[in-house]
Protein chains: 2
Amino acid sequence: MEENAEMCKVVVALDMIVGKWKPIIIQHMLFNETLRFNELRRLIPAITQRMLTLHLRDLEEQDIVQRVVFPQIPPKVEYSLTKYGRTLEPLLAAMHQWGLAHLEHMEMKKKRHS
Amino acid sequence: MEENAEMCKVVVALDMIVGKWKPIIIQHMLFNETLRFNELRRLIPAITQRMLTLHLRDLEEQDIVQRVVFPQIPPKVEYSLTKYGRTLEPLLAAMHQWGLAHLEHMEMKKKRHS
DNA sequence: CTGTATCCTCGTTGATACTG
DNA sequence: CAGTATCAACGAGGATACAG
């Protein structure tokens, strides 16, 4: 963020959810109260361990995601949205709706050109 | 977009507005019916000519922005949102609101730690 | 099971100079 | 005024191996 950018609240909001896998991670957490590390991996097959870790650490630092470690062997870690993280729900829902409409818009454009 | 990503409508929507300057460009166009190239540069001092051109071309191809060239010397080009581009307004408004709330949330966190 | 550590690739952005 | 062209820098993301 710099100059104009940091003044723009839209950019502030975007910074919280941008990242190749962040919106996907958040959405899975909206549908699943808590998720373990490997559960997330299974839900997002294309993500690498490294990126999942990095994004989860980011989201944790941003107070969007909560990380709970159960001290046992084998290790068990549960991730879930914080109360604050859940305030993103309406925003993601709005994006989902617009994305849906956008796909239809693209379909219409394609048909007109054929 | 790939695998999970392309199925996610949120990602579809995000793809249309991510880009370092895209949200800012769009917002200026929401407040100004039409803007010329150099007017945008003045509104966004930190942007380079190159990036402004690239993002405008992107937005044009995405059917978000309309480009009108007046064949005269010196050249005059007017940019404006398309009717479709304006459908982004509620979404950006929602992001603006969330961004605002987020800044307050950060303030509260800072105070608690001091 | 839940991670770290390295190394590498590639795309986005920036700097700068030039043009019709 | 409204761009292009070229080159360089940087960082996000990916591949792979290793670890507690």
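We name chains A, B, ... by the order of the sequence lines, and we start the count at 1 in each one.
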(message) Rounded to whole Å, please give me the gap between CH2 in B:W21 and P in C:dG14.
(response) 6 Å

(message) Assess whether a salt bridge exists between B:E104 and A:K9, defined as any Lys/Arg side-chain N lying under 4.0 Å from an Asp/Glu carboxylate O.
(response) no

Name every donor-acceptor pair, under 3.5 Å, that has one atom in a side chain of residues 37-53 of chain B and the other anywhere in the protein, sequence neighbours excluded.
| unit_1 | atom_1 | unit_2 | atom_2 | d |
| --- | --- | --- | --- | --- |
| B:E39 | OE1 | B:R36 | N | 2.7 |
| B:T48 | OG1 | B:M51 | N | 3.2 |
| B:T53 | OG1 | B:Q49 | O | 2.9 |

(request) Please state how far atom CG in B:L54 lies from atom P in D:dT6, giving the value in whole angstrom units. (result) 14 Å

(request) Looking at every strand, decide which applies to A:R57 at a 4.0 Å heavy-atom threshold: base, sugar-phosphate, or nothing. (result) sugar-phosphate

(request) For the residue pair B:R67 and B:R57, establish whether any side-chain heavy-atom pair is separated by less than 4.5 Å. (result) yes

(request) Let me know the distance between CG of A:L40 and C1' of C:dC1, rounded to the nearest Å. (result) 13 Å

(request) Take the protein atom CD of A:E39 and the nucleotide atom C1' of C:dC1, then report the distance between them rounded to whole Å. (result) 12 Å

(message) Measuring only between side-chain heavy atoms, which start at C-beta, is B:L81 closer than 4.5 Å to B:V65?
(response) yes

(message) Please determine whether a side-chain nitrogen or oxygen atom of A:R36 lies at a distance below 4.0 Å from atom OP1 or OP2 of C:dC1.
(response) no

(request) Take the protein atom CD1 of B:I44 and the nucleotide atom P of C:dG14, then report the distance between them rounded to whole Å. (result) 12 Å

Using atom names, set out every protein N or O paired with an N or O of nucleotides 7-12 of chain D below 3.5 Å, distance rounded to 0.1 Å.
none

(request) Go through C:dC1, D:dA2, D:dG14 for me and flag the one nearest to the B:Q49 side chain. (result) D:dA2

(request) Give a yes or no answer on whether the side chain of A:T82 reaches the backbone of A:I64 with a donor-acceptor pair at less than 3.5 Å. (result) yes

(request) State which of D:dG3, D:dC1, D:dA15 makes the closest approach to the side chain of A:T48. (result) D:dA15

(request) Give the rounded distance in Å between these two atoms: CZ of B:F37 and C1' of D:dA2. (result) 6 Å

(request) Quick one: closest heavy-atom pair of B:K20 and B:H55, and the distance? (result) N-CE1, 3.8 Å

(request) Starting at atom CD1 of A:I73, determine the distance to atom C1' of D:dA19, rounded to an integer number of angstrom. (result) 13 Å

(request) Using only side-chain N and O atoms of B:R67, determine if any of them is under 4.0 Å from OP1 or OP2 of D:dG3. (result) yes

(request) For B:P75 and for A:L56, locate the closest nucleotide of DNA chain C by heavy-atom distance; then report the residue assigned to the nucleotide nearer the 5' terminus. (result) A:L56

(message) Measuring to OP1 and OP2 of D:dG3, would you say a side-chain N or O of B:Y79 lies under 4.0 angstrom away?
(response) yes

(request) Please report, rounded to the nearest Å, how far the P atom of D:dA15 is from the CZ atom of A:R41. (result) 12 Å

(request) With the side chain of A:T53 defined as its heavy atoms from C-beta on, choose the nearest nucleotide among C:dT4, D:dG3, C:dT2. (result) C:dT4

(message) Using side-chain heavy atoms (C-beta onward) and a distance below 4.5 Å, is B:H102 in contact with B:M106?
(response) yes

